[in-house]
Amino acid sequence: MKNVTHPSGAGAIPGSSFWNQPVYRSLIIQAITFALIAGTGYYLISNLVMNLNARNIPIGLDFLAQRAGFDIGDAAITYTAQDSYGRAFVVGIINTLKVSLISILLATVIGIVIGIARLSPNWLVKNLTRGYVEYMRNVPLLLQLFFWYALLTHALPSARQAFNPVPGVFLSNRGLFLPTLESDSGFYFLLFGLLAGLTAALIWRFRANTLQKGTGRQLPVFWPFIALLATGGLVGWLLSPQGITVDMPALKGFNFKGGIEITTEFFCLMIGLVTYTSAFIAENVRSGILAVNKGQQEAASSLGLSPVRSQRLVILPQALRVIIPPTTSQYMNVIKNSSLGVAIGYSDLVSVGGTTLNQTGQAVECISLIMLVYLCTSLATSLFMNWYNASVALTER
Amino acid sequence: MAIIHSEPLPSRPAPASNSGLTGWLKGNLFSSPFNTALTLICVYGLWQAMPGLVNWFFLDATWSIFGPEGNANEITKQTVAVCKEAGGACWSLISVKHRFMFFGFYPQDEQWRPLLTCFLLIGMVLISGIRAYWKPWLIVAWLAAIVVCFILMMGGVAGLTYVATSKWGGLPLTLGLAVFSVVFALPLGIALALGRRSQMNLIRTLCVSYIELVRAVPLISILFMASFLLPLFMPEELTINKLLRAQIGIIMFAAAYMAEVIRGGLQAIPKGQYEAADAMGLSYWQATFKVILPQALKVSIPPLVGTIIGTFKDSSLVVIIGLFDVLNTTRVAFSSDPPWSPFYLEAYFVGATVFFIFCFGMSQYSQWLENHLDTGHKN
C-alpha cells in the first residue's frame, strides 16, 4: 500500500512498516517540503536584507508619504508633482480602472456584433469579420499598441490644424477634445428630467409585461421606452431657468482648454484593448451561439416567434451560459493587459509604480503594491462575474 | 394512354437560379433584403478602400535601394527621397534594414549562426507537430537542439567567436524565448497541476496559491519582479544575466497557465481510471505516468497549443525591459534613424506578419489536431 493520494484507505494499517503507512508518509513528505520552502525563503530574505542594507534602502512603506516630483499626463483627481507617491499610486489605480472599464464595455458591444456577424449567411460579412478576428488574435497586443501610437502621433495634425468634424470636437495629435456639460443648475434639471423619464419608461415596461402575462396581448416596449426617456430629458431642459451651458474646448496657445480631454495615450490604449479583446469576445459569442441546439431555433420558429424575438428570448439566454465563463477571463485579461500602457506612456498603475521604483529604489514595496492591486481587482471581477453567471445559470427544479 | 419508361428518368439539373455563379450569389450575398443591404455596404466600403490600399501597397511602392554601395548615409538619403517621391509604401526600408530587423545587433559576419538557429528551432517545431514522432526520443532531440542552438548563438567553443547575450536579438531571440519557455514551463506546469490535485494539504495550498497569484497579475509585473527583485534576492557576488532573468519570468508565468490547462485534462479523466490503476497495484508515480498523464495530456494538447501561442505573443513584452526581440528591432529600425521614421507602417506590417505567420499557423494546427485526436469516444 503505497498510495499517498487516496486517504480513503488512510489510517494506520497494522502489519506494514512505518514508512509504508500513508498517514506518516504524507506527513513526512509535507514536513520535508515545508523545511525546503522555509529554508529557501530564509536564504532569499537574508540575502535581501543584506543587499538592501548594503545599498542603504530602508524597508517599509514610509516612502509613500514623500514628494513624488513627477507629473502625470492624465490624472482623474487633482495631482501635481508636489503630491506624494501615495497619491500618485491612487492616480495610477484610477487610470488603470478607467481604461479597463471603458475598454471592457466597448469591447463587449463590438465583440457581440462581430461574433454574430461571423455567423452571418452573407459570405462577404462572414469572411471580412473572420479576417478581422484572425488578424487581431494572432498579432501581439503590444505591437498593435505601438502601431496605433505611431499612427496617431504621426498621421494626426498638430493642435493648430486639428480635425474639427463637428463643432466642439477636435482631434489632433494632442488627443481628442469633446464638449461637456457645465455642472450648473441646468445640468441637474436635465439629469432629473432623464431620471423621471426613465422611471416612467420602466413603469410602462412593467405594465406591458404584466399585461402580456395576464392576457397574452403585447404592447410595444422599445419605442415607447426611448420616447419616454427623450421626453423626460427634453422637459427637464425646457424647464431649466438658465438653460444648459456647454463647455466647448477652444484652442489656447499650443493646446486646447475646456471640455473633456481624451489624451492620445489613453485613446491609443483604449483602441488597442478594444480591437484586440473584441476579437476574443467575438469568438466566445460565436461558439456560445453555435452551442445552442438547432432544435431550439426550430422550436422557437414553430411557436411563431419572430427571428429577433426567438434570438432574444430563446437562443441568447441559453448561449449566455456558455459565453460568460470565458468572457470573464477576457475581462480580467483587459485589466491585466492595460498594464501594457506603460510602453506608450499611459500613466497606469505599472507606469507609476515603475517610475516610483526607479526614483526611490523601493523595488520590493513597489512591485508588491502593484501585484496586490491586480490581485484585488482580479478577485473582485471574478466575484462579480460569478454572481452574474449564477443569475443566468439554469435553474433546475 | 400510358407512357411507361423502362429506365428511370435521368435527374434534371438544379434550376439555373440555384446552381452555378447565380446560385452562389443568390445564396451567399443576396438571400434576403437585409443581406443585400449588407452586401452593398461591404462592397461600397471595399470599393472606397481597396484602390488606395493597392496603390499604396504595390503600385506606388518602392522596393529597391538607391545610392552608392557601401555608403550608408548616401543610400539612406537617396532611397528616402525616392520613396517620398513615389508616395507609396517604402519597402526599401526592409531591404535596407532587414538584417537588423531579423538579427538585431548580432555581428554581421556571424549572422549565419542566428539564421541556422532559427531554421533549427522552426524545424524542431514542425517535426514536433507530426504525431508519429511523439516518442520519447523527441524529448532527447529537443534537449539536443536547445544545446546546439545555445552553442551556435553564444559561441566561444569549436572555433566560433564568442557573442555576448546583450548582442542577441531579432527572430532568434523571439523564437528562443518562446521555445525555452515552453520546454521548461511544461514540466513545471504538469508538476503544479498534479500538486493542485494532491491530497496533501500543504502541497495543494502551495500550488493553488502560486497558480492563482501568477494568473491574477500581468506579465509585466512578473518581468519587473524578475529584472528588479531577483538580483536583490540573490547573494551580492552572483549576477544573473538580463536575458536569463526575463526568461525565468516568462517560464514562471507560462507554467501557471499551463498548469490550469493540464488540470482541465486531469479533471476530464474518469474516476474509474484512477481506481483501475489502484486495483492493478500501481504506485502513485506509476499510475500517474502510465495511466493518468498520457490520457490527460492528450485531452490538453489543443488548449496547450493555445497557451503556447499566448506565450509566443507574450514574449514580445520583453521590449519593456529593454531586450531586442523582433518587435523591438522592428520599432528601432525606423524610430532610431530619423530619415526613416515616416515609414512606421511598413516596419510594423513586416513585424506583424512575422508574428501572424507563426501564431496563425499554430492555431490552424491546433484546430486540425483537435479533429484528429477526437477518437469519438466522448459521449
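With chain A as the partner, the residue from B:D314, B:T330, B:N201, B:I309 showing the most heavy-atom pairs under 4.5 Å is B:N201. Ranked by heavy-atom pairs shorter than 4.5 Å toward chain A, the options B:S316, B:P235, B:G281 are led by B:P235. Heavy-atom pairs under 4.5 Å with chain B peak, among A:A155, A:S339, A:A117, A:S46, at A:S339. Contact count against chain B (heavy-atom pairs under 4.5 Å) is highest for A:P121 among A:P121, A:A54, A:S120. For the options B:L232, B:I203, B:V217, B:V319, heavy-atom pairs under 4.5 Å to chain A are most numerous at B:L232. Among the candidates B:S315, B:S221, B:S31, the residue making the largest number of heavy-atom pairs closer than 4.5 Å to chain A is B:S221. Among the candidates A:Y135, A:W123, A:F147, the residue making the largest number of heavy-atom pairs closer than 4.5 Å to chain B is A:W123. By number of non-hydrogen pairs under 4.5 angstrom with chain B, the leading residue of A:T33, A:L141, A:L151 is A:L151.
Between the side chains of B:T39 and A:N122, at least one donor-acceptor pair of N or O atoms lies under 3.5 Å.
Looking only at distances, no side-chain donor or acceptor of B:S336 sits under 3.5 Å from a matching main-chain atom of B:A333. Looking at A:E134, its side chain never comes within 3.5 Å of a backbone N or O of A:G131 through a donor-acceptor pair. In terms of modelled atom types and a separation under 3.5 Å, the side chain of B:D325 and the main chain of B:N328 share a donor-acceptor contact.
Using a 4.0 Å cut-off between charged nitrogen and carboxylate oxygen, B:R196 and B:E212 count as a salt-bridge pair.
In this structure, B:D337 and B:P339 have side chains that are in contact, with non-hydrogen atoms separated by less than 4.5 Å. Considering only heavy atoms from C-beta on, B:L317 comes within 4.5 Å of B:L223 through its side chain.
Of the atoms belonging to B:S363, it is side-chain heavy atoms, and not backbone ones, that fall under 4.5 Å from chain A. At a 4.5 Å heavy-atom cutoff, the contact between A:N358 and chain B is made by side-chain atoms alone. Heavy atoms closer than 4.5 Å to chain A are found nowhere in B:L219, neither backbone nor side chain. Looking at A:L357, only its side chain comes within 4.5 Å of chain B, counting heavy atoms on both sides. Heavy atoms of B:W24 lying under 4.5 Å from chain A belong exclusively to its side chain. Residue A:V342 touches chain B through its side chain alone, counting heavy-atom pairs closer than 4.5 Å. Only the side chain of B:L327 comes within less than 4.5 Å of a heavy atom of chain A; its backbone N, CA, C and O stay farther away. For B:L202, the parts sitting under 4.5 Å from any heavy atom of chain A are the backbone and the side chain alike. Using a 4.5 Å cut-off between heavy atoms, A:N138 contacts chain B through both its backbone and its side chain.
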Show which side-chain atoms of residues 354-362 of chain B pair as donor or acceptor with protein atoms under 3.5 Å away, not counting sequence neighbours.
none

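With ring centers used as reference points, B:Y348 lies under 6.0 Å from B:F334.
Looking at residues two or more places apart in sequence or on another chain, you find a disulfide (SG to SG under 2.5 Å) between B:C90 and B:C83.
Residues A:T328 and A:S382 approach most closely at CG2-CA, 4.5 Å, considering heavy atoms. Scanning all heavy atoms of the two residues, the minimum distance from A:T96 to A:S338 falls at CG2-OG, 3.6 Å. Pairing each heavy atom of B:G170 with each of B:V326, the nearest pair is C-CG2, 3.5 Å. Across B:M101 and B:T329, no two heavy atoms sit closer than the pair O-OG1, 2.8 Å.
For a heavy-atom cut-off of 4.5 Å, chain B lies close to A:I367, A:I370, A:M371, A:Y374, A:L375 in residues 365-375 of chain A. Residues of residues 344-355 of chain A lying under 4.5 angstrom from chain B, judged on non-hydrogen atoms, are A:V350, A:G354 by number.
Rounding to the nearest 0.5 Å gives a distance of 12.0 Å between NZ of B:K26 and OG of B:S32. Note: A:I116 CD1 to A:Q311 CD = 6.5 Å, rounded to the nearest 0.5 Å.
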*Verdict with reasoning, B:V214 to B:Y210, per side chain to side chain contact (heavy atoms under 4.5 Å, CB included)*: CA-CA 6 Å; B:V214 171; B:Y210 177 82; 3.8 Å; yes
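Taking the centre and axis of the six-membered ring of B:Y257, the NZ or CZ atom of B:R215 falls inside the cone set by 45° and 6.0 Å.
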